[in-house]
2 protein chains.
Amino acid sequence: MDRRNPPEEHRIKPTLDEIFSPRGVAVVGASPHNLSFAELVVHSLKETKFPAVFPVNPKHKEVLGLPCYPTLTDIPGVVDHVVVSIPAEAVLKLLDDCVAKRVKSVHFFTAGFGETGEAEKEELERTMLLKAKAGGFRIIGPNCVGLYVPKSRLVNSLNSSLEPGPIAFISQSGGHAQNLPDYSRARGLRFSKVVSYGNALDVNESELLDYFSRDPETEIIAAYIEGVKDGGRFLKAMTEAAVQKPVVIYKGGRTEAGRRATYGHTASLTSSVAVFDALCRQARVIQVDDLDEMIDVLTALRFIRLLPRDIGVALIGAGGGPSVLASDEMEKEGLRVPGLSPAIQAELKQRFPVAGSIFTNPLDTPNLIVPEAISIAMQVFGRVPEVAMLIYHLGFHPISRWGWGRLSLERFVSSAIGVMKEAQRKTEKPVLLALRPPQDPEGMVEFLPAQQAFVKAGLPVFYSMRQLARAMVRVITWNKSGPDSRGQRKK
Amino acid sequence: MDRRNPPEEHRIKPTLDEIFSPRGVAVVGASPHNLSFAELVVHSLKETKFPAVFPVNPKHKEVLGLPCYPTLTDIPGVVDHVVVSIPAEAVLKLLDDCVAKRVKSVHFFTAGFGETGEAEKEELERTMLLKAKAGGFRIIGPNCVGLYVPKSRLVNSLNSSLEPGPIAFISQSGGHAQNLPDYSRARGLRFSKVVSYGNALDVNESELLDYFSRDPETEIIAAYIEGVKDGGRFLKAMTEAAVQKPVVIYKGGRTEAGRRATYGHTASLTSSVAVFDALCRQARVIQVDDLDEMIDVLTALRFIRLLPRDIGVALIGAGGGPSVLASDEMEKEGLRVPGLSPAIQAELKQRFPVAGSIFTNPLDTPNLIVPEAISIAMQVFGRVPEVAMLIYHLGFHPISRWGWGRLSLERFVSSAIGVMKEAQRKTEKPVLLALRPPQDPEGMVEFLPAQQAFVKAGLPVFYSMRQLARAMVRVITWNKSGPDSRGQRKK
């Protein structure tokens with residue numbers, strides 16, 4: 001029997017929109033003080049003040065100060081969404097309760113289903129799916145962390161931001177689903193919805209791509225995918241989504257060991273990497289190699305208003321060695337650092353001190369940690385036709401901190417933001433920042449608020465020249481391959 | 001005239017050992033409150049309680065609370081080392097004073113010499129060199145930040161560690177010379193001597209390589225080089241050094257733009273990258289691509305007692321997605337994640353919970369954030385012949401923090417260190433850590449002391465799987481190419 005086409009549906013299937021804004025959430029299998037995922041969810045939903053959270057566990061009267069119910073049907077209020085963390089053996093009885101309670105979606109954190117490779121577990125999954133179809137609810141997972149929807153206060157991790165943003169993330173891995181929003185928060189990335197879908201028994205990557213390509217709250221779609229069960233449908237969904245919005249895909253299991261891991265993880269028998277890559281090229285999606293690259297590419301898509309179509313960069317920053325390093329990283333990764341005409345070089349020589357300077361591209365002069373100098377440099381480079389982006393690089397090491405002593409880091413940052421935004425406006429070329437974070441506690445105390453200020457001002461921040469270059473090569477390649485009308489994406 | 005062979009030397013040249021332990025330091029060109037390099041040096045030497053610091057500047061009576069002298073010869077005490085930050089035009093008069101004061105070394109921070117490409121500046125450099133030879137002192141630079149020698153309290157940057165270590169770093173760039181110790185401090189790297197030598201007018205890379213190959217305080221030599229003036233001598237020095245100790249070289253100016261920058265920076269006309277690379281291979285040195293890779297390779301050389309000769313790794317860590325990512329990164333960069341025999345897989349299945357686990361290599365089970373589980377995993381993998389290294393990976397995200405709640409992060413770390421060191425002893429395979437730093441302030445507050453504890457225990461810490469893999473591929477390749485007797489380097 002085709003598991004995706006059960007004989008009939010008895011109730012009207014809820015829409016994903018309904019699933020993303022539940023009125024009440026039950027957490028089945030929650031215990032106090034056992035540090036389980038279920039307890040984490042209760043804790044997190046309390047943290048975000050989600051209005052109706054109902055722990056369910058016959059062994060407890062109370063979980064984290066909330067009344068705990070013996071079964072789902074004992075809950076007095078409306079329950080739209082059920083988070084389940086109980087052994088696989090106990091789920092069928094629970095699903096009957098879900099039908100009785102008329103819930104809309106059931107998220108199984110529980111693992112130990114199809115991904116174990118055991119025949120009886122695969123049979124159990126089929127039965128679960130039939131019950132869901134008949135009962136009119138959807139299943140998320142199993143073997144995942146489910147939903148994170150900031151505007152609904154629906155969370156599945158600690159310290160989650162409740163500020164919604166334009167990025168949707170669908171992830172076959174629960175770890176990545178929790179990590180991406182966390183690791184990218186300081187970079188200013190915010191999410192419309194994050195869906196961890198695990199074994200994809202019911203809700204799967206293709207349906208989610210369809211949904212997000214139409215979701216008005218989503219401008220950029222990111223996906224972590226280990227394997228797809230219906231390649232044809234996936235290609236169609238991916239292609240249609242990529243026509244609407246930038247789609248960024250990180251495919252896990254590109255190597256032999258990685259594939260071994262994806263099989264144990266979500267039972268994904270991935271097709272060949274070459275085939276997957278060809279499909280991605282055909283569909284015009286941006287592929288990345290890991291979570292950090294995902295963050296870098298999303299940063300570029302999110303914060304660069306006019307995405308460049310050319311690879312020429314201007315490098316502006318203090319320090320000879322760092323300037324050499326910046327140039328090498330740019331060109332090794334595939335961007336270009338064009339040389340300057342004699343006229344431009346002469347102009348730079350007039351406007352900056354000669355000693356300790358390099359009057360070329362990269363431009364290095366000691367006073368490039370002074371906002372006025374940054375401004376001059378950006379205006380001059382703005383007139384160089386081969387330059388498509390203005391990059392300011394800065395290591396947060398003790399010496400730059402010493403230099404800021406002149407006007408305090410806070411004032412440096414706010415003035416620098418001013419001149420950079422002005423340069424962006426006047427030159428119509430995007431300004432990108434490569435800020436090298438410090439490794440010491442004192443340094444971090446200075447770095448974090450400075451980064452925050454740049455990010456809040458809408459400037460894209462990267463942590464190294466290499467990361468910036470890799471991401472921009474991917475984004476520019478993608479942008480160049482698109483129709484002219486989309487060449488200059490406006491937000 | 002050959003600038004390296006002046007007609008005669010009137011005084012006995014001081015040794016580098018003498019230069020690295022000066023009794024008194026004069027800082028010429030120091031002003032109060034102008035945030036110059038000279039003021040930074042005075043400030044830093046006061047910070048480290050260097051016993052005899054003498055600011056020199058006819059315009060001031062006092063700099064940062066120290067008496068300031070109009071000229072070098074007015075200083076009442078012994079001056080062995082002179083730090084100079086005055087315009088190029090004023091240096092000849094100063095050098096006469098250096099002769100009179102019988103100093104041993106003069107470090108020119110001052111730029112604006114040969115690297116400007118102007119003929120009269122090149123002539124000035126030749127005259128400076130003649131004066132130094134005649135006067136019996138050595139010149140460091142010009143156009144550099146000079147010396148950092150922890151055991152002598154001789155520093156050139158803020159917050160410098162005074163703890164000496166086994167790494168020597170020679171750097172044509174002042175920025176890199178200050179940044180490498182700073183960026184690598186949290187990783188546990190400490191230095192015997194760091195020498196920024198800029199334009200290499202007198203003291204140059206070859207002489208320094210000769211010195212450090214014999215220096216008993218140095219076990220590992222690191223170098224940042226833009227260009228060398230005498231290729232034959234450099235090859236000889238590099239080859240001889242690499243026979244004695246691991247030598248790690250980061251060559252700046254590998255691309256066209258990078259070369260343009262090195263020329264403006266230190267007037268280095270680098271020979272072709274292919275030639276340089278061939279020389280490095282011939283000399284058996286480890287080449288790296290940037291400062292971060294330098295830190296990663298030094299971390300491996302410094303903290304892995306028995307350097308592996310094989311590329312097989314065991315991946316141990318919680319999380320399906322992160323395990324897939326780890327596997328992919330390892331194999332993409334050139335390491336291998338060998339599969340397990342049925343017997344070993346069966347053993348793992350017995351010892352870990354089935355749900356949510358991947359019983360292969362990578363091993364992923366939820367309780368791998370519990371030290372006892374790490375211990376079991378490492379003992380089992382220790383018996384797999386294809387595994388040469390045990391890698392524990394951990395993202396510092398909210399969920400791992402939640403997991404540690406059980407026994408507090410501090411206790412987790414100290415127990416984990418115990419089991420890892422025991423595993424290292426029992427299996428005779430090195431344990432390497434990939435700790436993904438968090439991006440949020442609260443996370444950093446937890447991460448930094450945890451990292452510190454691992455580092456203090458002598459464990460090598462890397463910040464990503466990719467960085468770990470890249471560095472280990474370089475180190476293993478180097479180690480395999482060496483004579484058998486050096487295969488297992490002991491510290």
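Convention: sequence-line order gives letters A, B, ...; per-chain numbering from 1. Just the heavy atoms: all of them, side chains too, but no hydrogens, waters or symmetry mates, feed the values below.
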Under 4.5 Å from a heavy atom of chain B, the part of A:L325 involved: both
Parallel, tilted or perpendicular: rings of B:H176 and B:Y224 (30°, 60°):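 Rings of B:Y224 and B:H176: perpendicular, over 60°.
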Atom of A:A261, atom of B:P362 and distance for their closest heavy-atom approach: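 Distance-wise, the nearest heavy atoms are CB-CG, 3.4 Å.
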Ionic contact status for B:E329 with B:K332, cut-off 4.0 Å: yes
Using 0.5 Å steps for rounding, measure from the [atom1] atom of [X] to the [atom2] atom of [Y].
| X | Y | atom1 | atom2 | answer |
| --- | --- | --- | --- | --- |
| B:R336 | A:E256 | CZ | CD | 9.0 Å |
| B:I391 | B:M465 | CD1 | CE | 5.0 Å |
| A:F108 | A:N143 | CZ | CG | 12.0 Å |

Could you have a look at [options] and say which one has the most heavy-atom pairs with chain B under 4.5 angstrom?
| options | result |
| --- | --- |
| A:S323, A:G339, A:G321, A:S173 | A:G321 |
| A:V145, A:T110, A:D289 | A:D289 |
| A:P322, A:G319, A:A186 | A:P322 |
| A:S184, A:G175, A:G320 | A:G320 |
| A:G174, A:A88, A:A257, A:A318 | A:A257 |

Residue selection (most heavy-atom pairs with chain A, distance under 4.5 Å) from B:L363, B:D292, B:L315, B:L291: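 Max contact count across the listed options: B:D292.
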Best-contacting candidate, B:M330, B:R187, B:R466, B:R254, against chain A by heavy atom pairs under 4.5 angstrom: B:R466
Part of B:F447 within contact of chain A (heavy atom distance under 4.5 Å): neither
Contact origin within B:P338 toward chain A - heavy atom pairs under 4.5 Å: backbone
Partner residues of A:D328 under the side-chain hydrogen bond (donor to acceptor under 3.5 Å, both in side chains) criterion, sequence neighbours left out: B:T255
